[in-house]
Amino acid sequence: MLCEECQKRPATLHFTKIINGEKTEIHLCEQCAQEKGNFIFMNQSPSLTINNLLAGLFNVNPSFEQKQQETIQHKDLIQCTECGMTFSRFLKVGKFGCPNCYPTFHDQLTPILKRLHGGNWKHSGKIPKRAGGSLFIKKKIDILKETLQTLIEKEEFEKAAEVRDEIRMYERQLQEGDV
């Protein structure tokens, strides 16, 4: 398939845009895509880059524009001590400047991650099937230890004793290699 712009080179970048059920495809070669800078879709519509896509995911709904302006002023006060990145700059660029940005902007990131991940903001991961036995039990023990700590803080000692016994059973399974 040839590039739709130059009609000379093979198209290596293929874009599909679906709006209201109407599907439109664009096929470009690398050179034409680079010449355009940002990939422009459909009759001079706004350009789409990965940074714009990520920044669009982070931005608040425009109906909250007034509230957003107040929060942006507050967010500009917080700045990464390592790279100098501000949160509003992060929203424009779509990526952080250094690893220190994550703890610096933790409070601003949590609601965004909750929205993106359907309420979850902490990565729990998956367990591979081949190594799943012992890893699954270790993860189960960690969860039970957190539960045990919570029960102790609430002074629910009878339930805590049951959880403690369950932890010991799983630890014995790990030591004996029954997994």
Side-chain angles (χ1 to χ4, degrees), residues 12-20 24 26 28 30 32-132 134-156 160 163 167:
T12 55
L13 301 169
H14 308 276
F15 300 97
T16 304
K17 185 175 183 178
I18 301 173
I19 298 177
N20 296 330
T24 307
I26 299 173
L28 300 172
E30 269 187 62
C32 288
Q34 285 178 351
E35 287 173 3
K36 288 197 168 277
N38 296 331
F39 305 119
I40 298 176
F41 296 96
M42 314 309 234
N43 300 331
Q44 304 301 321
S45 68
S47 60
L48 176 67
T49 65
I50 293 296
N51 290 346
N52 291 349
L53 178 65
L54 290 175
L57 288 173
F58 298 139
N59 284 329
V60 180
N61 189 338
S63 63
F64 300 113
E65 190 173 320
Q66 194 173 39
K67 184 178 178 184
Q68 185 180 7
Q69 287 174 352
E70 294 169 9
T71 10
I72 285 177
Q73 290 173 351
H74 172 68
K75 290 175 186 173
D76 276 340
L77 299 175
I78 301 171
Q79 191 172 18
C80 178
T81 56
E82 302 258 334
C83 67
M85 175 75 76
T86 63
F87 193 72
S88 61
R89 178 75 183 140
F90 161 71
L91 291 176
K92 290 176 187 167
V93 174
K95 58 184 176 181
F96 283 133
C98 72
N100 189 52
C101 290
Y102 292 94
T104 302
F105 301 114
H106 178 268
D107 294 338
Q108 288 81 20
L109 282 177
T110 302
I112 292 170
L113 293 174
K114 281 183 178 180
R115 189 178 70 211
L116 287 174
H117 296 289
N120 298 322
W121 65 276
K122 193 173 183 180
H123 179 66
S124 58
K126 292 183 178 182
I127 298 174
K129 289 184 180 180
R130 281 184 266 170
S134 63
L135 287 176
F136 178 76
I137 290 177
K138 287 177 185 177
K139 190 170 184 177
K140 181 77 171 169
I141 290 171
D142 290 341
I143 292 169
L144 287 171
K145 284 181 178 179
E146 288 178 18
T147 305
L148 177 65
Q149 191 61 38
T150 305
L151 290 171
I152 290 171
E153 289 171 3
K154 292 180 179 179
E155 298 182 5
E156 296 180 17
V163 172
I167 291 171

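The chain is numbered in sequence order, starting from 1.
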CZ on Phe90 to CG on Leu109, rounded to 0.5 Å = 5.5 Å
So which heavy atom on Ala160 is nearest to which on Ile152, and how close?
-> CB-CG1, 4.2 Å
d(Ile167 CD1, Asp142 CG) to nearest 0.5 Å is 9.5 Å
Roughly how far apart are Lys145 NZ and Lys140 NZ, rounded to 0.5 Å?
-> 14.0 Å
Output for pair (Ile137 CD1, Leu144 CG), nearest 0.5 Å, gives 11.0 Å
Going from SG on Cys83 to CZ on Arg89, what distance comes out if it is rounded to the nearest 0.5 angstrom?
-> 11.0 Å
Sub-4.5 Å side-chain heavy-atom contact between Gln108 and Ile78 | yes
Which heavy-atom pair separates Lys95 from Met85 by the least distance, and what is that distance?
-> O-CE, 3.6 Å
Checking Pro99, Pro103, Cys98 against Cys101 for side chain to side chain contact (heavy atoms under 4.5 Å, CB included), the one that qualifies is Cys98
Mind telling me whether Phe105 and Phe87 have parallel, tilted or perpendicular rings, with 30° and 60° as the class edges?
-> tilted
With no hydrogens and no angle check, is any side-chain donor or acceptor of Gln79 less than 3.5 Å from a backbone partner on Thr86?
-> no
